[in-house]
2 protein chains.
Amino acid sequence: MEQHFQKKFNHLKELCSQKGLRLTHQRTEVLRELASAKDHPSAETLYSRVKGRVPAISLDTVYRTLGTFMDLGLAAKVPVDGDLGRFDGDVSPHHHVVCVCCGAIRDFIWDEVSCGELPAEVTDWCHVTDTQVIVRGICRDCKGSDS
Amino acid sequence: MEQHFQKKFNHLKELCSQKGLRLTHQRTEVLRELASAKDHPSAETLYSRVKGRVPAISLDTVYRTLGTFMDLGLAAKVPVDGDLGRFDGDVSPHHHVVCVCCGAIRDFIWDEVSCGELPAEVTDWCHVTDTQVIVRGICRDCKGSDS
DNA sequence: TTTGTATTAGGAATAATTCCTAACAACCGA
DNA sequence: TCGGTTGTTAGGAATTATTCCTAATACAAA
């Protein structure tokens, strides 16, 4: 996963020089945390993690950086509702399952969907940029400890 | 669509008496507006529409009522991000396309997905309650008037 | 280095949603 | 029909995720 970061870092470096953006310490460290995270962290969660490496970083910077990454195509927001937005450093096509009880999010692949063709009524109406399945349910951990 | 409301109204009536909830004017009118809406309105939008019939209704009541409807299975929140939550009075299985530019949302059916089986890694991890596809893109109207 | 300018920290501002409480109105039974 | 009980509402205050503002900072090109 370190090499995973390296790849993303090189991508960020390239995009920054292309777009006249600066490769700051904050951007690098937010990218590092996001690339190694497997739990689709919120901005707040990412903030507390990055603080370990960049103690003076502000929450606003984390939000701003995530926004920049989304513009650059390096990150995505997971379309689940909840108080906090959840972010994903993996922008390759995949789907999400979310536990409506604890908020845990897991990735999954579903080839039949990914490779299937959208109905014409969709592609007629708009130029599609992203297609994903959202599954909601109650995970095993929450199922056991029902309140 | 009036008969559509009638069906939902009867359902609401039944659920209310089952759960000891009261069939208030506000609940009835919010349901009527939601049942006839085809644009997946926000709470704010619904509020201004219902005001035509119930001038004194408060925004809080609309939010509270939508929450109640979701608990009762009469409404659902569309999992798209944006400043305002978007609500759907149609709880039958279907998918959504959203224009990331203007926020328009359209329903669609995709039988291959609806009838397909989720990968085991998903059903092993949680008890699934809802599966839907979210398509994001730019609609024709926005494509034309690009800024 | 030096300099120009994008970026940041930190706190203030914004805004969607929820909370609080007194007044209200369904619904039950008489 | 008429009260009484109690769930519900209106309205404004409170909460909180996210964004805005501005002086200070630090990339990166020369």
Side-chain angles (χ1 to χ4, degrees), chain A residues 9 12-31 33-34 40-48 50-72 74-87 103, chain B residues 9 12-33 40-48 50-72 74-87 103:
Chain A
F9 177 71
L12 173 63
K13 209 153 102 181
E14 186 184 2
L15 287 166
C16 280
S17 74
Q18 266 176 38
K19 311 231 172 188
L21 301 177
R22 290 176 181 171
L23 189 61
T24 64
H25 185 203
Q26 289 86 342
R27 283 177 178 154
T28 303
E29 295 309 320
V30 170
L31 187 73
E33 253 348 297
L34 188 61
H40 309 81
S42 65
E44 199 88 42
T45 299
L46 216 41
Y47 170 62
S48 66
V50 174
K51 267 207 150 187
R53 297 170 182 277
V54 192
I57 199 170
S58 74
L59 180 57
D60 181 54
T61 297
V62 174
Y63 274 108
R64 208 167 355 86
T65 302
L66 285 168
T68 304
F69 286 175
M70 288 192 288
D71 289 346
L72 294 176
L74 291 169
K77 202 173 198 175
V78 184
V80 294
D81 73 0
D83 297 334
L84 289 73
R86 302 285 292 270
F87 298 88
Chain B
F9 177 71
L12 173 63
K13 209 153 101 181
E14 186 183 3
L15 286 166
C16 280
S17 73
Q18 264 176 39
K19 310 230 173 189
L21 301 176
R22 288 176 184 171
L23 190 62
T24 64
H25 186 204
Q26 289 86 341
R27 284 179 178 151
T28 302
E29 295 309 321
V30 170
L31 187 73
R32 186 195 309 281
E33 244 4 285
H40 309 81
S42 65
E44 200 87 42
T45 300
L46 215 41
Y47 169 63
S48 66
V50 173
K51 267 206 153 193
R53 297 170 182 277
V54 191
I57 199 169
S58 74
L59 180 57
D60 180 54
T61 297
V62 175
Y63 274 109
R64 209 170 351 90
T65 302
L66 286 168
T68 303
F69 287 175
M70 288 192 288
D71 290 345
L72 295 176
L74 291 169
K77 202 174 199 175
V78 185
V80 295
D81 72 2
D83 296 335
L84 289 74
R86 303 286 291 270
F87 298 88

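Below, read A as the first sequence line, B as the second, and so on, with proteins coming before strands; counting in each chain starts at 1.
The separation between A:L72 atom CG and C:dT7 atom P is 10 Å, rounded to whole Å. Rounded to whole Å, atom C1' of C:dA25 lies 9 Å from atom CD of B:Q26. Look at CZ on A:F69: it is 12 Å from P on C:dT7, rounded to the nearest Å. B:K13 has its NZ atom 14 Å from the C1' atom of C:dC27, to the nearest Å. Taking atom OH of B:Y47 as the reference point, atom P of C:dA16 lies 13 Å away to the nearest angstrom. Whole-Å rounding puts the B:R27 CZ to C:dC24 C1' distance at 14 Å. Computed from coordinates, the A:E29 CD to C:dA9 P distance equals 12 Å when rounded to whole Å.
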What does the list of N/O pairs under 3.5 Å between the protein and nucleotides 28-30 of chain C look like, with a distance for each?
none

Quick one: which protein N/O atoms are closer than 3.5 Å to N/O atoms of nucleotides 12-15 of chain C? Pair and distance per line, please.
none

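The outermost nucleotides of DNA chain D lying under 4.0 Å from heavy atoms of chain A, listed 5' to 3', are D:dA17 to D:dA28.
Here B:L12 contributes atom CG and B:T65 contributes atom OG1; the two are 10.0 Å apart, rounded to the nearest 0.5 Å. A distance of 6.0 Å separates OG1 in B:T61 from CD in B:Q26, rounded to the nearest 0.5 Å. The OG1 atom of B:T24 lies 9.5 Å from the CD atom of B:E29; values are rounded to the nearest 0.5 Å. Going from atom CD1 of A:I57 over to atom CG of A:L46 covers 8.5 Å, rounded to the nearest 0.5 Å. Between the CG atom of A:L66 and the CG atom of A:D71 there is a distance of 11.0 Å, given to the nearest 0.5 Å.
Over its full length, the helix from C:dT1-D:dA30 to C:dA30-D:dT1 turns its helical axis through 50°, comparing axes from the five pairs at each end and rounding to 10°.
With sequence neighbours left out, A:Y63 forms a side-chain contact (heavy atoms from CB on, under 4.5 Å) with A:A43, A:L59. Under the salt bridge (Lys or Arg N to Asp or Glu O under 4.0 Å) criterion, A:R64 pairs with A:D60, sequence neighbours left out. Looking at residues two or more places apart in sequence or on another chain, you find a side-chain contact (heavy atoms from CB on, under 4.5 Å) between A:A75 and A:L34, A:F69, A:M70. Listed by chain and residue number, nothing satisfies the salt bridge (Lys or Arg N to Asp or Glu O under 4.0 Å) test with A:R22 (two or more places apart in sequence, or in another chain). Every residue meeting the side-chain contact (heavy atoms from CB on, under 4.5 Å) condition with B:L21, not counting sequence neighbours, appears here in chain and number order: B:C16, B:K19, B:R27, B:T68, B:L72. Taking the ring-ring contact (aromatic ring centres under 6.0 Å, His included) definition, one finds that A:F9 meets it with A:F5, sequence neighbours left out. Applying the side-chain contact (heavy atoms from CB on, under 4.5 Å) criterion to B:T45, with sequence neighbours excluded, gives B:P41, B:S42, B:R49.
The main-chain N or O of A:V78 is never found under 3.5 Å from a side-chain atom of A:R86 such that the two would form a donor-acceptor pair.
Remark on DNA chain C: of its neighbouring residues B:H25 and B:F87, the 5'-side contact belongs to B:F87, judged by nearest-heavy-atom nucleotide. When the nearest nucleotides of DNA chain C are assigned to B:T24 and B:S42 by heavy-atom distance, the more 5′-ward of the two goes with B:S42.
Of all non-hydrogen atoms in B:E14 and B:S17, the two that sit nearest each other are O-OG, 3.1 Å. Closest of all the heavy-atom pairs between B:H25 and B:R53 is CE1-O, 4.3 Å.
Within residues 61-68 of chain A, the residues having any heavy atom under 4.0 Å from DNA chain D are, by residue number, A:Y63.
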